[in-house]
Amino acid sequence: MTSTDVSTAAEDSGPGGYAAARLSLLQQEARSGPPRRKALSALTDDWLNGLFTAAAGGLRGVALVAVGGYGRGELSPRSDLDLLLLHDGSAPAADIARLADRIWYPVWDLGLDLDHSVRTLGEARRTAADDLKAQLGLLDARHLAGDLGTTAALRTTVLADWRNQAPKRLPHLRELCEERAERAGELQYLLEPDLKEARGGLRDATALRAVAASWLADAPREGLDDARRRLLDVRDALHLTTGRSTDRLALQEQDQVAAALGLLGADTLLRQVYESARTLSYAADVTWREVGRVLRSRSVRPRLRAMLPGKPPVDRSPLAEGVVEQDGEVGLARAARPERDPVLPLRAAAAAAQAGLPLSLHTVRRLAATTRPLPTPWPAEARDQLVTLLGAGRSTVPVWEALEAEGLITRLLPDWERVRCRPQRNAVHTWTVDRHLVETAVRAASLTRRVSRPDLLLVAALLHDIGKGWPGDHSVAGEIITRDVAGRLGFDRHDTAVLATLVRHHLLLVETATRRDLDDPATVRSVADAVGSQATLELLHALTEADALATGPAAWSAWRDSLVTDLVGRVGAVLAGEEPEEPAVPSPTAEQERLAVEAYRTRSPVLALHARAETLNRDGAGDTADGAGTGQEPLGVELVLALPARPAQGARESYAMGVLPAVAGVLALHRLTVRTAELSGVSLPRGLDAAPRSAPAAAADDPAGVLLLNWRVAAEYGSLPQAARLRADLVRALDGSLDIRARLAERDAAYPRRRGITAPPPRVRVAPAASHHATVIEVRAQDAPGLLHRIGQALEGDGLRVRSAHVSTLGANAVDAFYVTDASGRPLREGEAARVAKSVEEALRG
């Protein structure tokens, strides 16, 4: 069916014919994008024209006008119809109301969303004067039916009003855009973006059209129409996929939307959306900067002209060789010759970032069009200017974005293309891969006083995730890429090796600190062997912090900082020539002694619950203290639990076998998230008036044995449970009268599940050579209430003893490490360890 056939069907058959023709048009897969939006607008125009003509009779001075997106002829499948019934006031009000009803009701009867109004020209102007959003909609007014002169008068008047009022209204429009961006976020970084409201979305495209219509300023045109068209295409596919009028690209719809657009998958779709949003965001930045410049100029020039005869002088302040500041922007000096100076782009960018000023659009485009490529290896000045740019801190970001918008970054660093606008599916990450790299350099800039080689820290920050554009382990791929990039940048062999080590092991410190036993000499020695030197350790420590801070709020905390700092101190001692000491058997604290004695005497669990907090000093090291005072960051809760041997069984191990799953299950019921868990034994002498002695490997036959558990947990909703209730549930869990699995299932059933992405299956592996005293079983799974309980049950089913558990949660992902031994306290044999890992994985999949 051609567009003519569709229009004819709509005219001949009334609302039913329009509905059928509309459905037929939307089902034509060959017609998508701008042609379909244009055809749908034309079809709707014809239908509404027919409704108006049939109802208007002899009324004069009345017109039906499309405004907003419909006025632009950009109807998406589930778009609202924005209509204005405009009249000159000469017709009786009852006739106008009757005409409106005969147009609005057929639209409603078809279930279409309608935004409608009835106004005279004067009323429309007053509404526009009071409501900026209404004025923006009227700028796109388009005649549909009735008196053409009435519509023409509206268009002429509204446009004239807009241009006259622009100096006052544009600042208000900018404020609305900024408020919307604060509320909806930045489209180019969101995993579930709002295509319309987020910064860089369709609302911003409309705002740029309005600025252009004011004649005060105009947006950079290159790529703008294509970016807007791609976002509209995605919205069309989203409407057809969901059957709803929605602008939010939810995770569960992304694969279907990608398929509808003929794209490879959701990541390709998001990358295309991000690229479009980035074009619109950069255009908005440049445009609003130009608006500000014009408005400032208009307010200053009358005074200058009154004071000075002739043309006022242009103020140009030198910033660097060939680089000047002019009117709040960085540009090129008159004598600059970018075609002869390949370092000039980096010099200009570094000068702009250090001065906290933007690069002018004309300058960036001239540099992109005329500058010759840098030689390989880079001259020392180019490398120094790159480091200066990266070390400028927060002002680096807009300068980097300006270079990237004109393709200068990928020209300088070709490997950048693979990470540009690449989404990160881990909810912990705030940014795309490329912006995360820049953000890490920004964070590293504040840490440069802590290291002896700030240049290596900043370049490593920029490159640490560069391998994410390649298949396989991104750290391994990143090491290879970094060696190549560092050579091209002109670093010598030693510095290149350090950079490669930093990129290869940029996750080593935080993963080891949060998932391994730091008292185990094998742990510390393995990190020292990987790092190799004190200088590299110093750099890796700063890079770890910068990387985590740039990832998002869930990736760094005082707790993680304290663990990493502790590990760095231990590794530094080994690198200085000290041998890591074998872990000493810890003596029980006074509190643990008291709890152990009380547990033995009462033959029941005894616990103590403390809030813990950590104060961060200037160097980032932490001092842990009880309570939470001013300037302290909550670390969570410390739970100390003492359990006596079961009299009926007479052996501590038989009682301890069920402790981990039981306690983990009770903590989950009380909404406490486990961070670490350590198990040890205390053997009490026959005379309880003497102090207990520590016994991690206490004799199983000792009837006075007491098991001590130290748990570090975090309150999920910021409040601690009552100790009495926690103890009561622990007693019931340990004696078998509390069905933890059933209680957890009941709680899950009470909360309806939201649709979302399908989590990857759990993975359980044996960490090789992680400890000389135990076997380390590492579990990676989707975080969920009761996960630790299920893991503990699986380990208990294999007859293992858990020495300690180190729990790390990043967003929706849990990465837990368990130090386990057999019943005699020895590490597992290789084959047995592999069997246990497989058994736990199967239990979690089931």
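What's counted below: heavy atoms across the whole structure, side chains too, no hydrogens, waters or symmetry copies. Residue numbers run from 1 in the order of the sequence given.
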### Query
Once you round to the nearest 0.5 Å, how far does CG of L403 lie from CD of E406?
9.5 Å
### Query
Any side-chain heavy atom of L269 within less than 4.5 Å of one from V234?
yes
### Summary
Per side-chain contact (heavy atoms from CB on, under 4.5 Å), Y18 is matched among L112, D46, L48, L23 by L112
### Task
Check ring pair (Phe, Tyr, Trp, His ring centres under 6.0 Å) between W378 and all other residues, then give those that pass, not counting sequence neighbours.
none
### Heavy-atom closest contact (A198 atom, E186 atom, distance)
CB-C, 4.4 Å
### Query
Less than 4.5 Å apart, any side-chain heavy atom of D434 and any of R278?
yes
### Message
For the backbone of E197 and the side chain of D194, can you confirm whether one donor and one acceptor N or O come within less than 3.5 Å of each other?
### Response
yes
### Query
Do you know which of V107, D113, D115 makes side-chain contact (heavy atoms from CB on, under 4.5 Å) with L81?
V107
#### Entry: Derivation and outcome, salt bridge (Lys or Arg N to Asp or Glu O under 4.0 Å), residues D247 and R78
CA-CA 10 Å; D247 298 306; R78 299 293 299 180; over 6 Å; no
#### Entry: Step-by-step salt bridge (Lys or Arg N to Asp or Glu O under 4.0 Å) determination, R443 to D547
CA-CA 8 Å; R443 297 286 188 166; D547 181 20; over 6 Å; no
### Message
With a 6.0 Å cut-off (strictly less than), is the heavy-atom count around CZ of R372, excluding the residue itself, greater than 12?
### Response
yes
### Query
R435 and R420: side-chain contact (heavy atoms from CB on, under 4.5 Å), yes or no, with the steps?
CA-CA 8 Å; R435 176 59 190 274; R420 189 174 63 84; over 6 Å; no
### Query
Shortest non-hydrogen contact from L499 to A460?
CD2-N, 3.8 Å
### Set of residues satisfying ring pair (Phe, Tyr, Trp, His ring centres under 6.0 Å) with respect to W431, sequence neighbours excluded
Y189
### Message
My understanding is that only residues two or more places apart in sequence, or in another chain, count here; which of them pass ring pair (Phe, Tyr, Trp, His ring centres under 6.0 Å) with H429?
### Response
H436
### Query
Can E178 and R180 be counted as an ion pair, charged N to O under 4.0 angstrom?
no
### Query
Heavy atoms, side chains only, cut-off 4.5 Å: are H464 and T440 in contact?
yes
### Query
Using 4.0 Å as the upper bound for N to carboxylate O, is an ion pair formed by R289 and E329?
yes
### Query
Looking at CD of Q272 and CG of L264, how far apart are the two atoms once the value is rounded to the nearest 0.5 Å?
11.0 Å
### Query
Within a strict 4.5 Å, meaning less than it, do heavy atoms of the E404 and W416 side chains meet?
yes
### Query
Less than 4.5 Å apart, any side-chain heavy atom of R515 and any of E778?
yes
### Those residues that, when tested against H116, pass ring pair (Phe, Tyr, Trp, His ring centres under 6.0 Å) (two or more places apart)
W104, W108
### Message
Run the salt bridge (Lys or Arg N to Asp or Glu O under 4.0 Å) test on E74 and K38 for me, step by step, so that the C-alpha distance in whole Å, both residues' side-chain angles and the decisive distance to 0.1 Å come before the verdict.
### Response
CA-CA 6 Å; E74 294 174 346; K38 184 177 180 180; over 6 Å; no
### Message
So which atom in L346 and which in A382 form the shortest heavy-atom distance, rounded to 0.1 Å?
### Response
CD1-O, 3.6 Å
### Message
Closer than 4.0 angstrom, basic N to acidic O: yes or no for R845 and E841?
### Response
yes
### Message
Listing request: all salt bridge (charged side-chain N to carboxylate O under 4.0 Å, His left out) pairs with a residue in residues 254-273, at least two apart in sequence or in separate chains.
### Response
D267-R425
### Task
Give every residue pair that meets the side-chain hydrogen bond (donor to acceptor under 3.5 Å, both in side chains) criterion with at least one member in residues 230-240, sequence neighbours excluded.
R37-D233, R37-D236, S76-R235, S76-D236, R229-D233, R230-S276
### Task
Determine yes or no for a side-chain-to-main-chain donor-acceptor pair under 3.5 angstrom, with R411 supplying the side chain and A368 the backbone.
yes
### Task
Output yes when a side-chain donor or acceptor of T410 lies under 3.5 Å from a complementary backbone atom of G407, and no otherwise.
yes
### Close side-chain approach of R365 and T363, heavy atoms under 4.5 Å
no
### Task
Mark yes or no for whether Q254, through its side chain, and L191, through its backbone, hold a donor-acceptor pair below 3.5 Å.
yes
### Test salt bridge (Lys or Arg N to Asp or Glu O under 4.0 Å) applied to D816 and R780, step by step
CA-CA 7 Å; D816 303 342; R780 298 173 183 245; over 6 Å; no
### Message
When you compare the side chain of V211 with that of D218, does any pair of heavy atoms fall below 4.5 Å?
### Response
no
### Query
Looking at V433 and P423, what are the two nearest heavy atoms and their distance?
CG2-O, 4.4 Å
### Message
Given 3.5 Å as the limit, does a donor-acceptor pair link the side chain of R248 with the main chain of E192, or not?
### Response
yes
#### Entry: 4.5 Å side-chain heavy-atom contact, E182 and R199
no
### Message
When you measure from the side chain of T246 to the backbone of T242, do you find a donor-acceptor pair of N or O atoms at a distance under 3.5 Å?
### Response
no
### Message
Could you check, using the six-membered ring where one of them is a Trp, whether H474 and H506 have ring centers closer than 6.0 angstrom?
### Response
yes
### Query
What do the steps show when you test T44 against Y70 for side-chain hydrogen bond (donor to acceptor under 3.5 Å, both in side chains), and what is the final call?
CA-CA 10 Å; T44 306; Y70 182 29; 4.9 Å; no
### Message
Let me confirm one number: the CG-CG distance from L232 to L238, rounded to the nearest 0.5 Å.
### Response
12.5 Å
### Task
Mind running side-chain contact (heavy atoms from CB on, under 4.5 Å) on L231 and V273 for me, showing each step along the way?
CA-CA 7 Å; L231 292 183; V273 168; 4.1 Å; yes
#### Entry: Short side-chain to backbone donor-acceptor contact, S395 and A353, under 3.5 Å
yes
### Query
Ion pair present between R394 and E439, side-chain N to carboxylate O less than 4.0 angstrom?
yes
### Task
List the steps, then state whether side-chain contact (heavy atoms from CB on, under 4.5 Å) holds for L408 with V364.
CA-CA 9 Å; L408 280 166; V364 180; 4.1 Å; yes
### Message
Would T482 and I466 count as a side-chain contact (heavy atoms from CB on, under 4.5 Å) here? Give the steps.
### Response
CA-CA 8 Å; T482 298; I466 198 72; 4.2 Å; yes
### Task
Enter the distance from T279:OG1 to D204:CG here, rounded to the nearest 0.5 Å.
12.5 Å
### Task
Enter the distance from E275:CD to T432:OG1 here, rounded to the nearest 0.5 Å.
10.5 Å
### Task
Using atom types as modelled and distance alone, determine if a side-chain donor or acceptor of T396 lies under 3.5 Å from a backbone N or O of L389.
yes
### Task
Hey, could you give me the CG/CG distance between L280 and L187, rounded to the nearest 0.5 Å?
8.5 Å
### Query
Which pair of heavy atoms, one from Y274 and one from L190, lies closest together, and at what distance?
OH-O, 2.6 Å
### Closest non-hydrogen atom pair between A237 and A260, with its separation
CB-CB, 4.1 Å
### Task
Indicate yes or no for a side-chain donor-acceptor contact from D473 to the backbone of S475 under 3.5 Å, with no hydrogens or angles considered.
yes
